[in-house]
> 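Pasting a structure below so you can have a look.
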2 protein chains.
Amino acid sequence: MSTSRTMRADARKNYEALIKTARKHLSSQGVTTSLDAIAREAGVGVGTLYRHFPDRDHLIFAALNAQGEELRTAADLIRSAETGLERLERWLAQVQNYLSSYQGLPDSIAQALESGDKTPLAITCQEIIEITDGILADAQQEGTVRPGIKGQDLFETTLMTAWLISQEPERQRGLGGVGEILRHGYRS
Amino acid sequence: MSTSRTMRADARKNYEALIKTARKHLSSQGVTTSLDAIAREAGVGVGTLYRHFPDRDHLIFAALNAQGEELRTAADLIRSAETGLERLERWLAQVQNYLSSYQGLPDSIAQALESGDKTPLAITCQEIIEITDGILADAQQEGTVRPGIKGQDLFETTLMTAWLISQEPERQRGLGGVGEILRHGYRS
DNA sequence: TGAGCATACGGAGAGGGCCTCCGGTTGACA
DNA sequence: TGTCAACCGGAGGCCCTCTCCGTATGCTCA
């Protein structure tokens, strides 16, 4: 979908208002926030919301990827790292951050992954796993990450961690224990 | 609450019918199943359900601990293990199994842990962590588990894993990768 | 410019879930 | 058997999701 130039002007305006309001509500209320309320606050009928975003996941995905916070652009931060391990861990931190954008997002993602792989969220995950595989290969080459580890595994551990974080947003103690176990788990 | 002998006979009967139906619905539909539907199928008014179980968590907790599937009784399986590590891992497997009883249970638990520690679910978790600490100490004594690891950490990784499992019930591939990373992460 | 049409809008309404409240019922005990 | 505390049922208010269709409006082309 996205704001294409073949959209009518009013449609584009509504689309953008919806995304803007959705981002706000998703950030403060999590992925289960009321879609009705979003439409209302965006000054748009519910029908309009559902026409633009057939289901909740489509809206979440669009809100997530609006503006420039996509992972791809963040790839720059990674390049400056010296070792492959450092690059991998910076990348995983980015992914974790991305997956924790909204409270409950990991649940939506896991469900999307389970039921068919055609949804936008599922496709995004597949892309993340592929990128991870690439970075991982370098780290394994240099011997800092154990062989046998797969990008899929690291994605899953990162998703799990994002889930834990988004459930307990207060504890800023950075889940030291869990993170340490995981790092020790894939490093050589 | 529980089925006490100070309850009136009709109250006890309803309580038990509710638990029975709740177990069925929770098992097949997960923790978000309709409470109205449970009351209906149990042949009881909704008011009765809410009087016995003030909120969803109370019902989940009661359903979880009805009959003998509590973790405590499963402690027997653990004793036969020879090494402390083996005992620990069997215990964690039990906990993981318990935490995956219903789809979405880990979410309920995480929320209970976050908001006050007085809920039955939160109390149960605290108990599990304490038991884990005990078993963990033995394993650390014998040198098979790294020092610095805490019962809380192992509980959290187990909860995360249970979440992943309960989200993707199909994949019986046993999340080989994730499990292997975690085991490697806490072992010496 | 303005007529005509494809595109898009809005919101009522059906369906369902949550939870409360209170008039009515019933088990227990004297 | 009578009395009352304990317990029941379910109507009803509120909120949410999602569909459907009559209405409105941006766009295009003559």
Side-chain angles (χ1 to χ4, degrees), chain A residues 1-22 24-26 28-63 102-104 107-108 111-112 115 119, chain B residues 1-22 24-26 28-63 102-104 107-108 111-112 115 119:
Chain A
M1 172 112 12
S2 86
T3 325
S4 103
R5 87 185 60 83
T6 66
M7 280 172 101
R8 242 170 60 173
D10 53 349
R12 168 146 65 253
K13 201 186 56 159
N14 286 334
Y15 182 94
E16 274 157 9
L18 281 168
I19 291 281
K20 185 179 168 192
T21 310
K24 176 176 152 193
H25 285 224
L26 288 169
S28 59
Q29 317 272 96
V31 296
T32 62
T33 190
S34 158
L35 301 188
D36 267 41
I38 291 175
R40 217 178 306 129
E41 187 176 319
V44 145
V46 259
T48 301
L49 186 153
Y50 284 99
R51 197 170 330 97
H52 282 301
F53 309 101
D55 61 34
R56 186 174 226 93
D57 278 7
H58 278 79
L59 179 56
I60 293 173
F61 174 77
Y102 309 130
Q103 196 208 12
D107 296 84
S108 301
Q111 268 171 303
S115 60
T119 72
Chain B
M1 174 110 13
S2 88
T3 326
S4 103
R5 87 185 64 81
T6 68
M7 279 172 101
R8 245 171 58 172
D10 53 348
R12 169 147 64 254
K13 201 186 59 162
N14 286 334
Y15 182 93
E16 274 156 11
L18 282 168
I19 291 281
K20 185 178 169 192
T21 311
K24 176 176 153 195
H25 285 224
L26 288 169
S28 60
Q29 316 271 94
V31 295
T32 61
T33 191
S34 158
L35 301 188
D36 270 41
I38 291 175
R40 214 179 307 129
E41 188 176 321
V44 144
V46 259
T48 300
L49 186 152
Y50 284 99
R51 198 170 330 99
H52 282 301
F53 309 101
D55 61 34
R56 183 175 228 97
D57 278 6
H58 279 79
L59 179 57
I60 293 174
F61 174 76
Y102 309 130
Q103 195 209 13
D107 296 83
S108 301
Q111 269 171 303
S115 61
T119 73

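So that the names make sense, note that chain A is the first sequence line, chain B the second, and so on, each numbered from 1. The figures here come from the full heavy-atom set of this structure, side chains too, leaving out hydrogens, waters and symmetry mates.
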> Output the single nucleotide from C/dC18, C/dG27, D/dT19 whose closest atom is nearest the side chain of B/Asp10.
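In terms of side-chain proximity for B/Asp10, the closest of C/dC18, C/dG27, D/dT19 is C/dG27.
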> Per the atom types in the model, does the base of D/dA6 pair as donor or acceptor with the side chain of B/Arg8 at under 3.5 Å?
yes
> Indicate yes or no for a side-chain donor-acceptor contact from A/Thr48 to the backbone of A/Val44 under 3.5 Å, with no hydrogens or angles considered.
no
> Could you check whether B/Thr32 gets within reach of a base, just the sugar-phosphate, or nothing at all, counting any heavy atom under 4.0 Å?
nothing
> Nearest to the side chain of B/Val46, which nucleotide is it out of C/dC18, C/dC19, D/dC8?
C/dC19
> Report yes if a side-chain nitrogen or oxygen of B/Thr48 is closer than 4.0 Å to either non-bridging phosphate oxygen (OP1 or OP2) of D/dG9; otherwise report no.
yes
> Would you mind reading off the distance between B/Gln29 atom CD and C/dG17 atom C1', rounded to a whole angstrom?
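So the two atoms are 13 Å apart, to the nearest Å.
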> Specify the separation, in whole Å, of atom NZ of A/Lys13 and atom P of C/dG10.
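Taking NZ of A/Lys13 and P of C/dG10, I get 9 Å after rounding.
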> Could you check how far CG of B/Asn14 sits from P of D/dC8, rounded to whole Å?
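About 5 Å, once rounded to whole Å.
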> Please report the distance, rounded to the nearest Å, between CD in A/Glu41 and C1' in C/dG10.
18 Å
> C/dC9 C1' sits how many Å from A/Leu18 CG, rounded?
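Distance check: A/Leu18 CG to C/dC9 C1' gives 12 Å.
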> For the residue pair B/Ala63 and B/Ile19, what are the closest heavy atoms and their distance?
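Shortest heavy-atom contact: N-CD1, 4.0 Å.
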> Between C/dG17, D/dC8, D/dC16, which nucleotide gets closest to the side-chain atoms of A/Arg40?
D/dC16
> Is the distance from OP1 or OP2 of D/dC7 to the nearest side-chain N or O of B/His52 less than 4.0 Å?
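Negative; the distance criterion is not met.
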> Rounded to the nearest Å, what distance is computed from the CZ atom of residue B/Phe53 to the P atom of nucleotide D/dC8?
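The answer, rounded to whole Å, is 11 Å.
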> Go nucleotide by nucleotide along DNA chain C from the 5' end; which of A/Gly45 and B/Ser34 gets its closest nucleotide reached first?
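Looking at the nearest nucleotide for each, A/Gly45 comes out on the 5' side.
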> Determine the minimum heavy-atom distance between B/Gln29 and B/Gln103, stating which atoms define it.
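In this case the closest contact between B/Gln29 and B/Gln103 is O-OE1, 4.0 Å.
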> To the nearest Å, how far apart are B/Tyr50 OH and C/dC22 P?
18 Å
> Rounded to the nearest 0.5 Å, how far does CG of B/Leu18 lie from NE2 of B/His52?
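One gets 6.5 Å once the value is rounded to the nearest 0.5 Å.
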> Within the 4.0 Å heavy-atom criterion, would you say A/Asp55 contacts the bases, only the backbone, or no part of the nucleic acid?
nothing
> Between D/dC21 atom P and A/Arg51 atom CZ, what is the distance in whole Å?
14 Å
> If you take all heavy atoms of B/Thr21 and B/Ala42, which pair is closest and at what distance?
OG1-CB, 3.5 Å
> Which part of the nucleic acid, if any, lies within contact of B/Asp36, taking any heavy atom under 4.0 Å across all strands shown: a base, the sugar-phosphate backbone alone, or nothing?
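Base contact.
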